[in-house]
Every structure is written in C-alpha cells, then in structure tokens.
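Working notes for the structure below.
Atoms considered below: every heavy atom in the structure, side chains included; atoms not considered: hydrogens, waters and symmetry mates.
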Amino acid sequence: ASTIFCQRLFRANRLMKAQKQSYEDLKCSTILIQRLFRANRLMREEKSKYETLKSTTIFCQRLFRANRLMKIEAQRYTELKASVVRIQSIFRANRLMKIERQRYENLKSSVVFIQQLFRAKRLMKGEKRKYESLKSSTIVCQRLFRANKLARIERQRYNLLKASTIFCQRLFRANRLMNVQKQRYEELKSATIVIQRLFRANRLMKIERQRYEKLKFYTVLIQRTFRANFENIRSRRAAIRIQV
C-alpha cells in the first residue's frame, strides 16, 4: 500500500510538472502573440502618420511648383512685353503711318497670345485636376487593396490563433479526461487488488480450515487408537493379575 501511494505521489508530481510546462508554453505563446499584435497596431499607427505626412508634403510640393510656374509665366510675359515695346518704338521711328495699325496688330497678337496662354494655363489646370483626381483615386485604391490584403492576413492569423487555441483546448480536455480515466483506473485497480487479497485470504482460510479439520480428525483418531490400545493393555494386565 505504501509503495502504491508513493507511486501515485510520484506520478501526480510528474503530471503536475508536465501541466506546469504546458501552461508555461501556452503563457509564452500568448505573450508572443500579444507582442506581435501590439507591434502590428503600432506599425499601422506609424503608417497612418506617414501617409498623413506624405499627403501634406505632396500638397506643399504642388503649391511650390504652381508658384514657381506662375513666376516663370510672369517673367515670360514681362520679357514678351519688353520685346513688343522695343519693336513698337523701332516701328514708330521708321513708319509713323503704320504705328496705330501695327500697335493694333501687336496688341491683338498680345491679346491672342495672352488668351492662348490663359487657355493653355486653364487647360493645364484642368489636366492637373484630372491627374490629381486620378492619382487620389489610385492612392485610395492602393490603400483599399493594402487594407484588404492586411485584413486577409489578420484574418488568417486570427484563424491560425483560433485553431491553435481550439487544439490546445482539445489537448487540455483530453489530458483532463485521461487524468479522470487514469484516476478511475487507479481506483478500479485498488479495488481489484483489495478483492483479490480478500479472495486469496478467504481461499487460504478455507485451505487452513481444511488442514485443521484433517489434523483434528487424525488427532482424534490417534487419541482414540491410543486410548483403545491403552485400555487393551490395561485389560491384559488386569487379566494377567487375575490369573496370577
């Protein structure tokens, strides 16, 4: 009984160590998953900040390029105006009669040229708006695609974590059921050992009782034989005395 009890204590200690190791492994896995989740969340926040900074930078670059282009156009217009004034001065000196007509033609050409410049600038602005709209749509589509891809990755990770958790739960339940079955087996084994001991003791008691009954029978038989023999001897002695 002491040996069985020590074996039970040893097995229970070993099983407790195995359960503790499983718990430590599960704890380490949970901490690692939490770290990965926090790192992913921090990465998404940093990515959002980066996208905001990128959009602000792109907007500032657009304003700077538009200002620079406006300055270039103003400089071109100034140079063109200076050229026109110079031509008009030379033309007035040479042919006074055609000054007004030439002025008109130059003014008309300047107006047409300015109109062309204005239309070109307006067309450029329209094309720029289209380009900006197309670029914004492309960026939105890229963000949606990346978000969808990231969502699928997160869903795969969640499914993997869920499957791992279910597997761990199944292992834990199977282990607990195995412990229950093992405990039942130990109780059944103990009860079987007790029953076997009782049966063997009962059988041994019957054998000893049979031996005792047989010994008692032979003892009684020997006593009867001895008494009969003793009585026979006494009778013979008595007969001999009578004859003497």
Side-chain angles (χ1 to χ4, degrees), residues 1-55 137-221:
S2 299
T3 305
I4 293 172
F5 182 73
C6 291
Q7 288 178 353
R8 288 179 182 175
L9 287 177
F10 177 75
R11 290 170 183 169
N13 189 12
R14 187 172 62 183
L15 184 62
M16 183 180 68
K17 289 182 179 179
Q19 291 294 329
K20 186 176 181 180
Q21 185 65 31
S22 300
Y23 171 74
E24 293 294 334
D25 294 337
L26 182 62
K27 183 179 178 181
C28 292
S29 301
T30 305
I31 291 171
L32 180 60
I33 291 169
Q34 288 177 351
R35 288 178 181 174
L36 290 174
F37 177 75
R38 290 169 184 167
N40 189 13
R41 185 175 61 186
L42 184 61
M43 184 180 67
R44 283 188 288 179
E45 291 176 357
E46 292 296 327
K47 187 175 182 180
S48 178
K49 292 179 182 179
Y50 169 74
E51 293 293 336
T52 305
L53 182 61
K54 183 179 178 181
S55 301
S137 300
T138 305
I139 292 172
V140 170
C141 292
Q142 288 177 351
R143 288 178 181 175
L144 289 174
F145 176 75
R146 290 169 184 168
N148 190 14
K149 184 177 179 181
L150 186 61
R152 283 186 292 178
I153 293 172
E154 292 295 329
R155 186 173 182 85
Q156 289 177 358
R157 290 179 180 174
Y158 170 74
N159 290 327
L160 182 61
L161 180 61
K162 183 179 179 182
S164 300
T165 305
I166 292 171
F167 181 72
C168 292
Q169 289 177 352
R170 288 178 180 174
L171 284 178
F172 177 75
R173 291 170 184 168
N175 191 10
R176 186 172 62 184
L177 183 61
M178 184 177 67
N179 291 330
V180 174
Q181 293 295 330
K182 189 174 182 180
Q183 187 177 0
R184 289 180 182 175
Y185 169 74
E186 293 294 334
E187 292 175 355
L188 182 62
K189 183 179 178 181
S190 300
T192 304
I193 291 170
V194 172
I195 292 170
Q196 287 177 352
R197 288 178 180 174
L198 291 174
F199 176 75
R200 289 170 185 169
N202 190 14
R203 187 173 62 182
L204 185 61
M205 185 177 66
K206 287 181 180 180
I207 293 171
E208 292 296 329
R209 186 175 183 84
Q210 289 176 0
R211 288 179 181 176
Y212 171 76
E213 293 293 333
K214 189 180 290 185
L215 182 61
K216 182 179 180 182
F217 174 75
Y218 285 114
T219 303
V220 172
L221 181 62

CD1 (Ile139) and CG (Leu144) are apart, to the nearest 0.5 Å, by 12.0 Å

Taking salt bridge (Lys or Arg N to Asp or Glu O under 4.0 Å) as the test, write out the residues that go with Arg143, two or more places apart.
Glu51

Supply the atom-to-atom distance Thr165 OG1 to Ile33 CD1, rounded to the nearest 0.5 angstrom.
6.5 Å

Gln156 versus Leu160: any side-chain heavy-atom pair under 4.5 Å?
no

Look up atom NZ in Lys162 and atom OH in Tyr158, then write down how far apart they are to the nearest 0.5 Å.
5.0 Å

Look only at the side chain of Asn159 and the backbone of Arg155, and say whether a donor-acceptor pair between them is shorter than 3.5 Å.
yes

Donor-acceptor pairs are to be reported for all side-chain atoms of residues 40-49 against protein atoms at under 3.5 Å, with residues two or more places apart or in another chain.
{"from": "Asn40", "atom 1": "ND2", "to": "Glu154", "atom 2": "OE2", "distance (Å)": "2.1"}

Determine whether Glu213 and Phe217 make a side-chain contact, defined as any pair of heavy atoms from C-beta on separated by less than 4.5 Å.
no

Results of salt bridge (Lys or Arg N to Asp or Glu O under 4.0 Å) for Arg211 - residues two or more places apart only:
Glu208

Contacts of type side-chain contact (heavy atoms from CB on, under 4.5 Å), residue Gln34, not counting sequence neighbours
Thr30, Arg38

side-chain contact (heavy atoms from CB on, under 4.5 Å) with Gln142: which residues, sequence neighbours excluded?
Thr138, Arg146

What residues form a side-chain contact (heavy atoms from CB on, under 4.5 Å) with Ile193, not counting sequence neighbours?
Ile4, Lys189, Arg197

For Ser137, which residues count as a side-chain contact (heavy atoms from CB on, under 4.5 Å) partner, sequence neighbours excluded?
Ser133

Mind checking side chain to side chain donor-acceptor pair (under 3.5 Å) for Ser164 and listing every partner two or more places apart, or none if nothing turns up?
none

